[in-house]
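None of the values given here were measured: they were computed from a predicted structure. FYI, the numbering just counts along the sequence from 1.
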Amino acid sequence: MHTLKKRLFAALLLVTATGCAFNPATNRPDLVLMSEEKEIKIGREMHEKLVASTPIYSDPILTAYVEHVGQKVAKASDRPDLTYHFTIIDSQDINAFALPGGYVYINRGLLTYLHSEAEMAAVLAHEVGHITARHAVRQKTAATGAGVASVLSVLVTGSGVVGDVANLWSTAAVKGYGRDMELEADRFGAQYMYNAGYDPQSMINVIALLKDQETFSRRRARIEGKQQQTYHGVFSSHPRNDVRLREVVEAAGKLPEDKKVTKVEYYREKTDGIVYGTNTQESEKNRFNHKSLGFSLLFPTGWTVENQRSAIVGTAPDKSATLTIKVDKRDGNQPADMALRDVYDVRVLEQDEALSQYRLEGYTAKLPAKSADSPDRVAILFYGSRQYILEGKANDKPKNTEAATELDNLFMTSIRSFRPLRQTDINKPDIKRVRYVQANDKTTFASLARHMEIGEYAEEQLRLLNGYYPRGEPKPGEWIKIVQ
């Protein structure tokens, strides 16, 4: 057998052995070392981690609406038999993303800036496109190096976390799948929209509003002398006038005017009252405030907190771990690392680092293994004349290194949340919501902004909410969004 034939034969054997699956979306075989069953299993594991560590928006009507539109698009896709799940993340950040195996997420913040059901369908269809094309699976090798906790933190909040949990899908999920795969998701998404009866041109509308957000973010960063936040998420790779995107949208097909599903009024009805900005009820649900000692700390989601006589103890739902806070008098000007060594009578600290947060200084470390009762992660923070000792302890030994690292990340997140008590911790600010009103002949965004407490850039935010950035005024009788 010739050398070339031998190589081809070997390659054929490799493809057969490793399970080369035919991808119905790309209409070609995928040379991947993963079955659909495995893809779904990994997606489910990541989803469970996400909902356990991330606030989910608890509006049953809006949740059902997103689920309905998402399923409508998914059924019109190239993988209609896959079970899809659509979730609203309770975050003000403008984002949407997908995990392998049928899991799609859209942030509450993005929903506030959309104007129709068709625009929401465009976002969901793009993410379904990533799933049907198996982009996460096809870029598995690009994902090595960051963990689930890091991935989910960046996806949901745009910020990183300390440490890693597991090497699952991170780089592609966080930074996007590259220009070609993003455009491929647009092409599939536009076709799924057309199949479901939505006008694919709505995808162009979403690009426009996201680009307005980027323009404002760039301008604000320049005024404040700060670095512009990098945007991660849906449609992030597109310029405003993207010729290639317009081509794939046109290729999806043009629906007759009487067949297009847009639903501006229905979307307005379903999103009226959606939370604007930070949802203080949800984001601070597990924050413990101690009025007499004047400190505040965020315990992990779902943990119970007990104010005992000599300590404050937070306990995991399954009793597998605790986080304890103790208070003592500070010993003069002793450095934090020395103070931590004195508390536990040790010379050597492991995985140690200095802490500097909310104008407080401190130190954290792991202790050398001494006994089964020793805490796993400790920290000391100086606040006035007092020093606060925080101890994180696993009551059940973690199953593996990954589980131990994940628990340590949980302890570190709480430790880093320790800060002096604020007045707003005692008197919770009212939650702000998006409301719809009709403009009259005297309505301007500048005049509306003067009556709304939504920060220094109130007029710009109102313009962004209503698609009038950077200029223009609403017409009499037009429905517009305000914040109350």
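Of the charged side-chain nitrogens involved, at least one lies within less than 4.0 Å of a carboxylate oxygen, so that K41 and E45 count as a salt-bridged pair.
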Side-chain donor-acceptor distances from residues 446-466 under 3.5 Å, at least two apart:
{"unit_1": "S447", "atom_1": "OG", "unit_2": "T444", "atom_2": "N", "d": "3.3"}
{"unit_1": "S447", "atom_1": "OG", "unit_2": "T444", "atom_2": "O", "d": "2.8"}
{"unit_1": "S447", "atom_1": "OG", "unit_2": "T444", "atom_2": "OG1", "d": "2.9"}
{"unit_1": "Y457", "atom_1": "OH", "unit_2": "E224", "atom_2": "OE2", "d": "3.1"}
{"unit_1": "E459", "atom_1": "OE2", "unit_2": "R463", "atom_2": "NE", "d": "3.2"}
{"unit_1": "E459", "atom_1": "OE2", "unit_2": "R463", "atom_2": "NH2", "d": "3.3"}
{"unit_1": "Q461", "atom_1": "OE1", "unit_2": "Y113", "atom_2": "OH", "d": "3.1"}
{"unit_1": "R463", "atom_1": "NH1", "unit_2": "Y468", "atom_2": "O", "d": "3.3"}
{"unit_1": "R463", "atom_1": "NH1", "unit_2": "G472", "atom_2": "O", "d": "2.5"}
{"unit_1": "R463", "atom_1": "NH2", "unit_2": "E473", "atom_2": "OE2", "d": "3.0"}
{"unit_1": "N466", "atom_1": "OD1", "unit_2": "K481", "atom_2": "N", "d": "2.6"}
{"unit_1": "N466", "atom_1": "ND2", "unit_2": "L462", "atom_2": "O", "d": "2.8"}
{"unit_1": "N466", "atom_1": "ND2", "unit_2": "K481", "atom_2": "O", "d": "3.0"}

Output side-chain donor-acceptor pairs under 3.5 Å for residues 64-71, partner residues at least two apart or in another chain, one line each.
{"unit_1": "Y65", "atom_1": "OH", "unit_2": "E117", "atom_2": "OE1", "d": "2.7"}
{"unit_1": "E67", "atom_1": "OE1", "unit_2": "F86", "atom_2": "N", "d": "3.3"}
{"unit_1": "E67", "atom_1": "OE2", "unit_2": "Q71", "atom_2": "NE2", "d": "2.7"}
{"unit_1": "Q71", "atom_1": "NE2", "unit_2": "Y84", "atom_2": "O", "d": "2.9"}

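The environment of E265 atom CD is sparse: at most 12 non-hydrogen atoms of other residues, nucleotides or ligands sit within 6.0 angstrom. Heavy atoms from other residues, nucleotides or ligands lying under 6.0 Å from CD1 of I61 number 12 at most.
The main-chain N or O of E402 is never found under 3.5 Å from a side-chain atom of E406 such that the two would form a donor-acceptor pair. Put simply, the side chain of D199 never gets that close to the backbone of S202: no donor and acceptor are under 3.5 Å apart. Without hydrogens or angle criteria, S77 side chain to R79 main chain gives a donor-acceptor distance under 3.5 Å.
Applying the salt bridge (Lys or Arg N to Asp or Glu O under 4.0 Å) test to pairs two or more places apart or on separate chains, those with a residue in residues 268-278 are D272-R435.
Contacts of Y436 classified as side chain to side chain donor-acceptor pair (under 3.5 Å), with partners at least two apart in sequence or in another chain: T271. S320 meets the side chain to side chain donor-acceptor pair (under 3.5 Å) test with D318; sequence neighbours excluded. Not counting sequence neighbours, the partners of E250 by the side chain to side chain donor-acceptor pair (under 3.5 Å) test are Q201.
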(request) Go through the steps to decide whether R44 and Y103 satisfy the test side-chain contact (heavy atoms from CB on, under 4.5 Å), and finish with yes or no. (result) CA-CA 8 Å; R44 183 169 58 250; Y103 294 88; 3.4 Å; yes
